[in-house]
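Structure first, commentary second.
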Amino acid sequence: MQDYLEGLNPAQREAVINTEGPALVIAGAGSGKTRVLTMRIAHLLSKNVAPFRILSLTFTNKAAREMKNRIAAIVGERTANYLWMGTFHSIFMRILRIEAKKLGYPSSFTIYDTQDSKNLIKSIVKKMKLDSKIYKPGEVYSRISSAKNSLVVPKAYANDKERMELDRFSRKPRIHEIYSRYVSECYKNGVMDFDDLLLNTNILFRSHPDVLQKYKKQFDYILVDEYQDTNLSQYLIVKKLGEQHKNVCVVGDDAQSIYSFRGAKIENILNFRNDYNGYRLFKLEQNYRSTQNIVNAANSIIHKNSNQIKKTVFSEKPEGNRIKVFNAYSDMEEGLIVAKDIFETRMREQASFSDFALLYRLNVQSRIMEDALRKKNLPYKIYGGTSFYQRKEVKDMLAYFRLVVNPNDEEALKRIINYPVRGIGKTTMEKVESFANSVNQPIWSVLINPAITNIGLNAGTLKKLRTFSDMIQQFMQMVNSLPAYDAAVEIANGSGMRRLFQTDTSIEGQGRMENAEELLNGIQEFTESKKEEGEDNSLADFLEGVSLLTDQDTDKEEDKNKITLMTVHAAKGLEFKYVYIVGVEEGMFPSSMAIESTKGLEEERRLFYVALTRAEEQVTISFAKSRLKYGELSFAKPSRFVGEIDQKYLELTGDNILPASGRKKSSQRLNSFQSRNIQAGETQRPAFNYKKTKRTDEPKVSFNYSGSSSSNIKEGMEVLHERFGKGKVINVSGELPNTKATVFFENAGQKQLLLKFAKLKILN
DNA sequence: CTCCTATAGCTTTTT
DNA sequence: GCTATAGGAG
């Protein structure tokens, strides 16, 4: 228990053991930030602080999970489980469910994801007879989101000169009305969007001092990771909860603040000193991750930003290689160069695929890289883009679950009322909706209201609606009486979803089927493990956990040894031996959206800093002179960021990298090729026929565990589970097809699994 | 009401 | 290049 303090450097140790009073930990990239946070919590626990008195907030589920695992390894799983540790969104969702009634919400409120919110906005815009070309759902959504994150409720919005001015200026003066309707719709439907989870927490704390009192009394110690990424809403929650015990420890790095677009305020960390009197400052400046070259190069560029807390990040690792810079003629060539380099590096250094990461600014860039990697037969995994939970078939299934848990969830209802097709079309829904509006009731209550017979629908249509609502009511009873998995299977069958997938024999249809099954498998695992732990395992409970999950959270065992493809944003907090940053061109990185303002540009620079500092050994930067955008060829020049890195840390590679004239003096190099190319963003028709590479529709993640059928699994065998990893079979029981195996997993502990669902792979 | 085809519009970044 | 929507035929 004591040895956890060993191996910490003096600065880290100070940050760990000084647990009383406010603390600001400025943690440079790779300086062991997570380690300090974990140890600090372990230290608190060793001083007999009860785990449920510690609140620890992160931004991603992944970060929370990792930290919890590390702590569990020190203090044991039982203790760790009592910690209040999770993302802002999940922790405050938990609190909001407990206190929902006080805000007039059902505690079974469901969550709208971004798409649901946009759909709702779209229908409001339509109802208000506004032009959806002007009031684009995405833009309106971000205005509303920004307001919510600044705690500006609809009423305040109308009085907010600046916001109203901006809306008038962008010719969208009625956004505040849309906002107001949006909020009342959500309230009426018993749903919250992502921002509501934080906003409503603030409202709860403000309107119910007793509730606030309860929680601020409970949380003796509060820890916040990535503090530079908090928005006003999050900032205020932390401040309120911390005002009693004042043991607020925030950890962050202003140089890595990259989320201003979703309301993050870098000022929160810059102003910590003003908010928390008598705070202590701890600076972690030694980078344990990267070579000196990488750290120095990253420093040389981040110092170009004006607004930052002074610190000197340094490395004592070997000097290392210079940053390689590749130049390609086209995006396709860029992909091939990178793929080739990965292949060669891996051979030369005897590295594994998981040591490599390919980072880009935009998700769309992944495609071209995928093509190249596939051509070279290199295995990869992609994070981001359309995640598992955003796939249509998965969302459809989840919509059924949502509707059953909360029948007023209108986006869920609209999504599936005619899916699979049951003859309830647009006209019918318009009638039903307008009636619902006229009596100011949710659609669902209209459906089950006898008055529906008088709204001008014919008998056939009424019967279809009736059949649908009967079905949903039946599902509702199941959800109350059955565990999640059984209810989910009933719903999949009863709704006709399963039949729909089964009868579709096309490649895509099979993919949908596999995804739907994968979802059911997930529910099966959830149901079993909750049962074991003696916790609730209804479908509602499953839905609660899943609504805030993202792609990042589903780490598959089979994906372990693969090249990682992700956006730079998604890579924050991660590290890889070899990092490739691709598409480093003007207009791309920095993004053309950001180059107008200093603020935007500085954030892009920080983002670039994040990209560089992901690497342990080698950074490779590449850019292409031309690339396909919207199916059209466009030209770009290299990013200014390449020029901003001190030249002595760069190694310009490849024959085509520079015009002959620029070869002599290194200082002239970049200037000459920066000015030489055609303006960024200019597009023109290709003069030649660009060969189209048809993308074979290979699923990004494959779910088949080929070869070993689970039926011959015996006691004592080593097996591999896609989520739990490696484990040993302790016991096999039950008759086919319901054979159960008890497996002890190295990382996940003992689990009981139904062999027909758990895709176990036999290892030896 | 459903299915099919043409076309507009599009790209930050994520909980 | 891709996807979401609108419009038209059955």
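These numbers come from a predicted model, not from an experiment. Each chain gets a letter, A, B and so on, in the order the sequences are listed, and its residues count up from 1.
Across all strands, A/Tyr259 comes closer than 4.0 Å only to sugar-phosphate atoms, never to a base (heavy-atom distances). If you check every strand for non-hydrogen atoms under 4.0 Å, A/Ser90 touches nothing. Counting non-hydrogen atoms under 4.0 angstrom, A/Val421 reaches the backbone sugars and phosphates but no base.
When the salt bridge (charged side-chain N to carboxylate O under 4.0 Å, His left out) test is applied to A/Lys265, no partner is found at least two apart in sequence or on another chain. In this structure, the ring-ring contact (aromatic ring centres under 6.0 Å, His included) partners of A/Tyr187, at least two apart in sequence or on a different chain, are A/Tyr105. Residues passing the salt bridge (charged side-chain N to carboxylate O under 4.0 Å, His left out) test with A/Asp396, sequence neighbours excluded: A/Lys392, A/Arg415. With sequence neighbours excluded, no residue forms a salt bridge (charged side-chain N to carboxylate O under 4.0 Å, His left out) with A/Glu602.
In this structure, A/His569 atom NE2 and B/dT13 atom C1' are separated by 4 Å, rounded to whole Å. In this structure, the NZ atom of A/Lys133 is 9 Å from the C1' atom of B/dG9, given to the nearest Å. At whole-Å resolution of the value, NZ in A/Lys62 and C1' in B/dT14 are 14 Å apart. Straight-line distance from the CZ atom of A/Arg65 to the P atom of B/dT15: 12 Å, rounded to whole Å. Regarding A/Lys118, its NZ atom lies at a distance of 14 Å from the C1' atom of B/dT15, rounded to whole Å. When rounded to the nearest whole Å, the span between CZ of A/Arg367 and C1' of C/dC2 equals 9 Å. Spacing between atom CG of A/Asp331 and atom C1' of C/dG1 amounts to 11 Å, rounded to whole angstrom units. Atom OH in A/Tyr630 sits roughly 13 Å away from atom C1' in B/dA8 (whole-Å rounding).
With both ends at atom P, the span from B/dT13 to C/dA4 equals 15 Å, rounded to whole Å.
In this structure, of B/dT15, B/dT13, B/dT11, it is B/dT13 that holds the atom nearest to the side chain of A/Phe261.
Close to B/dT14, at under 4.0 Å from its OP1 or OP2, lies a side-chain N or O of A/Asn363. For B/dT14, one of the phosphate oxygens OP1 or OP2 lies less than 4.0 angstrom from a side-chain nitrogen or oxygen of A/Thr567. Remark: A/Thr60 is not in phosphate contact with B/dT14, judged by side-chain N or O atoms under 4.0 Å from OP1 or OP2. Side-chain N/O atoms of A/Lys136 include one lying less than 4.0 angstrom from OP1 or OP2 on B/dC10.
Under 4.0 Å is where a charged nitrogen must lie from a carboxylate oxygen, and between A/Glu644 and A/Arg640 no such pair does. Ion pair A/Glu544/A/Arg94 not flagged as a salt bridge, since none of the NZ, NE, NH1 or NH2 atoms sits closer than 4.0 Å to an Asp/Glu carboxylate oxygen. Using a 4.0 Å cut-off between charged side-chain N and carboxylate O, A/Lys33 and A/Asp253 make no salt bridge.
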Every protein N/O lying under 3.5 Å from an N/O of nucleotides 4-10 of chain C:
{"unit_1": "C/dT5", "atom_1": "OP1", "unit_2": "A/Lys122", "atom_2": "NZ", "d": "2.2"}

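Rounding to the nearest 0.5 Å places OG of A/Ser117 at 8.0 Å from CG of A/Asp195.
Atom NZ of A/Lys599 has 12 or fewer heavy atoms from other residues, nucleotides or ligands within 6.0 Å.
Between A/Asn418 and A/Arg262, the residue whose closest nucleotide on DNA chain B is further toward the 5' end is A/Asn418. Comparing A/His89 and A/Val364 by the nucleotide of DNA chain B that holds the closest heavy atom to each, the one mapping nearer the 5' end is A/Val364.
Judged purely by distance below 3.5 Å, without hydrogens or angles, the side chains of A/Asp193 and A/Tyr182 pair a donor atom with an acceptor atom.
Within residues 590-609 of chain A, the residues that have a heavy atom under 4.0 Å from DNA chain B are, in order of number, A/Met593.
Residue side chain A/Phe59 fails the stacking definition with respect to B/dT15, as its ring centre and the base's six-membered ring centre are not both under 5.5 angstrom apart and under 30 degrees in plane angle.
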